[in-house]
Amino acid sequence: MIAWLAALVALLVPSAASATGAQVTLTRHGDDWVAHYVLPSDEEGWSFQRSSTIAGTDRPWRLASWTPHPDDARLARIGDVDVLLPPDGRATVPRDVRIAFRPYEGGLNADYAPALAFTDGALALFTGHFDVQPWSRAGGPDEDRSFHASVSLEAPGDTILVGGTTRRDRARVEGAPTYALLGASTPLSSDYLTAFVDPQLPAWLREELFDFMPRTLELYAERMGPRRGTAKPTVMIDWDGPTPGRNSLGGSTLEGLVVMAMEGDAVLDRNQDMLDRIHWFIAHESAHFWLGQTVQYAQEKDAWIMEGGADLAAIRASLDSDPAYDSATWLARAWNDCRQTLAGGSLETARERGDYRGPYACGAVLMMGAESIETARGGDYFSFVRSLIERHDDPATGVDGDEWLAAFARAGASRRAVDLARAIIEEPGDNPAALLADFARASGIVTLFPPPIATPDAR
């Protein structure tokens, strides 16, 4: 996905009672903050459950912006996680840990931006980056004791928006992570959404949001069924300025919330290319209310179902709005990017290899196959997704690759098409181009999309 990908809808660990996890109070002191942890047990270390790196690099972001009090803990990068370690002379981390930090506003690889700074002084903090879990030198992170932290925010004199509710001076976040918005001005509101929009955002982008997003939500509800939750979505849009030479759109979706960040001088003026990108961008993030929240993925290796699914949903919504929308370029890119991903290994191992584009591209290719099978019997892409959602009867669990393959078979895919899809997911072999071409023929993509998208030079 573009910019910081976010993506995501999803990457959450199971919820549990806050009493069994860490408690953290975030207190603002001017432009600086202090995170005060009260930890539930004596441990060799506490690792951060979300330890992604700075977008486009392998560099950790916390080490440059977080400073533990030297008597409380040390912060280090060990393997692929950020870890709080005991201060010198201690065997375990104290139960009380204080960390001075400045909100980090940059993008991350396949995770939510830690902070979004609005030009009017408002600030959005992502609470999930404060989740910790026990860590040991022998075993690393103890994922069996992974719980969301109970997060309290204290910002005297400010309003704090959490979960659609605005409070004054202090607020509390329990359960699934979200963005807490501090110091926001009066939101813009319609029958379909509530939006906190950076006042410097170009006016045409604001107009497109309030025109295109409601239409897209209506389309998705009509075609994929009702989304989980009944409250109006909240939208936060951050403007990072008209940076010369930049053309950046980034977004993520959480429970009842869409967060977007935009930047660059190329975004200032309305033109067809930028309009197409904005429509696709809004449609992708909106699709996560269904693929990502109404149902979610089971494990990180299954993220392709939601990300590739949202990508293809965005293409279909863009075409519904404008039949002249150029989908061919996007589809060709997805195909070629998937081929590159499979050259490095299976789809389900893409993220652990640092390939963050693969789940989007190969997920979209697999969804093209499902769409083609569904279309052959009079349905369409959205009817496949609707069936997948309706058949998944346990909202507490996520959809995995096996469940998707079963839905693919139910839609009418042949045994060969199912086997080829499984190979893409699990073991692509040494000729991924040939594998993709075979999958295109077996699933009928060649009848839905013209060459060269569906029939690359395979051999």
Side-chain angles (χ1 to χ4, degrees), residues 1-2 7 9 190-193 195 204-228 232-233 235 237 249 251 253 258 260 270-295 305-335 360-361 363-390 411 443-445 447-450 453-454:
M1 188 180 166
I2 34 191
V9 292
S190 74
D191 292 339
Y192 295 94
L193 54 90
W204 79 270
L205 291 174
R206 184 183 297 110
E207 293 168 1
E208 282 301 322
L209 170 74
F210 275 89
D211 175 60
F212 186 69
M213 189 169 181
R215 288 192 284 120
T216 301
L217 291 172
E218 282 188 12
L219 172 69
Y220 288 164
E222 177 185 341
R223 307 294 288 279
M224 292 189 287
R227 65 179 178 88
R228 187 160 64 88
K232 288 192 301 183
V235 181
I237 305 182
L249 307 174
T253 306
V258 174
M260 302 180 183
R270 181 189 182 105
N271 58 73
Q272 190 59 49
D273 178 65
M274 185 53 60
L275 187 63
D276 287 348
R277 289 190 61 199
I278 288 292
H279 282 175
W280 184 93
F281 174 54
I282 291 172
H284 175 100
E285 298 306 335
S286 298
H288 280 313
F289 284 125
W290 283 262
L291 286 164
Q293 292 188 20
T294 303
V295 291
I305 301 169
M306 306 305 159
E307 296 300 353
D311 267 12
L312 192 54
I315 289 295
R316 293 299 166 230
S318 297
L319 284 168
D320 184 82
S321 175
D322 178 10
Y325 176 80
D326 177 19
S327 62
T329 300
W330 180 91
L331 294 168
R333 180 191 172 207
W335 201 276
Y360 295 81
V365 168
L366 288 165
M367 286 294 195
M368 286 184 220
E371 176 183 30
S372 179
I373 295 293
E374 193 76 33
T375 300
R377 65 175 189 177
D380 61 12
Y381 172 64
F382 292 119
S383 59
F384 175 81
V385 174
R386 184 170 190 144
S387 175
L388 184 69
I389 291 173
E390 290 176 346
S443 61
I445 294 178
T447 65
L448 195 63
F449 300 111
I453 296 165

Closest contact, heavy atoms only, [X] versus [Y]:
| X | Y | result |
| --- | --- | --- |
| I445 | G369 | CD1-N, 3.5 Å |
| A364 | W330 | CB-CH2, 3.7 Å |
| A334 | M368 | CB-CE, 4.4 Å |
| P233 | L217 | CG-CD1, 4.1 Å |
| I282 | L209 | CD1-CA, 4.1 Å |
| M306 | G292 | SD-N, 3.5 Å |

Out of curiosity, [X] [atom1] to [Y] [atom2], how far, rounded to the nearest 0.5 Å?
| X | Y | atom1 | atom2 | value |
| --- | --- | --- | --- | --- |
| S190 | M213 | OG | CE | 9.5 Å |
| I278 | R270 | CD1 | CZ | 10.5 Å |
| F382 | E371 | CZ | CD | 8.5 Å |
| L291 | E307 | CG | CD | 9.5 Å |
| W280 | L319 | CH2 | CG | 13.5 Å |
| I315 | D320 | CD1 | CG | 12.5 Å |

Just jot down the ring-ring contact (aromatic ring centres under 6.0 Å, His included) partners of [X], sequence neighbours excluded, or say none.
| X | result |
| --- | --- |
| Y325 | none |
| F384 | W404 |
| Y381 | none |

Short question: side chain of [X], backbone of [Y] - any donor-acceptor pair under 3.5 Å?
| X | Y | value |
| --- | --- | --- |
| R386 | E222 | yes |
| W290 | G225 | yes |
| R228 | Q293 | yes |
| T294 | F289 | yes |

Legend entry - Minimum side-chain heavy-atom gap L219-M224 below 4.5 Å: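 SC-SC contact between L219 and M224 ruled out.
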Legend entry - Residues, nucleotides or ligands: over 12 heavy atoms within 6.0 Å of Y192 OH: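 Check fails, neighbour count at 12 or below.
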Legend entry - salt bridge (charged side-chain N to carboxylate O under 4.0 Å, His left out) partners for R206, two or more places apart: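 None.
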Identify, with sequence neighbours excluded, every residue that meets side-chain contact (heavy atoms from CB on, under 4.5 Å) alongside [X].
| X | result |
| --- | --- |
| P226 | none |
| A283 | F212, T216, Y220, A314, A317 |
| D273 | N271, R277 |

Legend entry - side-chain contact (heavy atoms from CB on, under 4.5 Å) evaluation trace for V235 with I237: CA-CA 6 Å; V235 181; I237 305 182; 3.7 Å; yes
Run the side-chain hydrogen bond (donor to acceptor under 3.5 Å, both in side chains) test against [X] and tell me which residues pass, sequence neighbours left out.
| X | result |
| --- | --- |
| D326 | T329 |
| D380 | R223, S383 |
| E207 | none |

Legend entry - Test item: side-chain donor near acceptor, H279 and E208, under 3.5 Å: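 Yes, E208 and H279 have a side-chain donor paired with an acceptor closer than 3.5 Å.
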Legend entry - Distance-only polar pair, side chains of D311 and H284, donor-acceptor under 3.5 Å: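 Judged by distance alone, the side chains do pair up.
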Legend entry - Contact list for residues 210-219, test salt bridge (charged side-chain N to carboxylate O under 4.0 Å, His left out), sequence neighbours left out: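 Passing the test, one end in residues 210-219: D211-R215.
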Legend entry - Test log, rule side-chain contact (heavy atoms from CB on, under 4.5 Å), inputs L193 and K232: CA-CA 5 Å; L193 54 90; K232 288 192 301 183; 5.5 Å; no
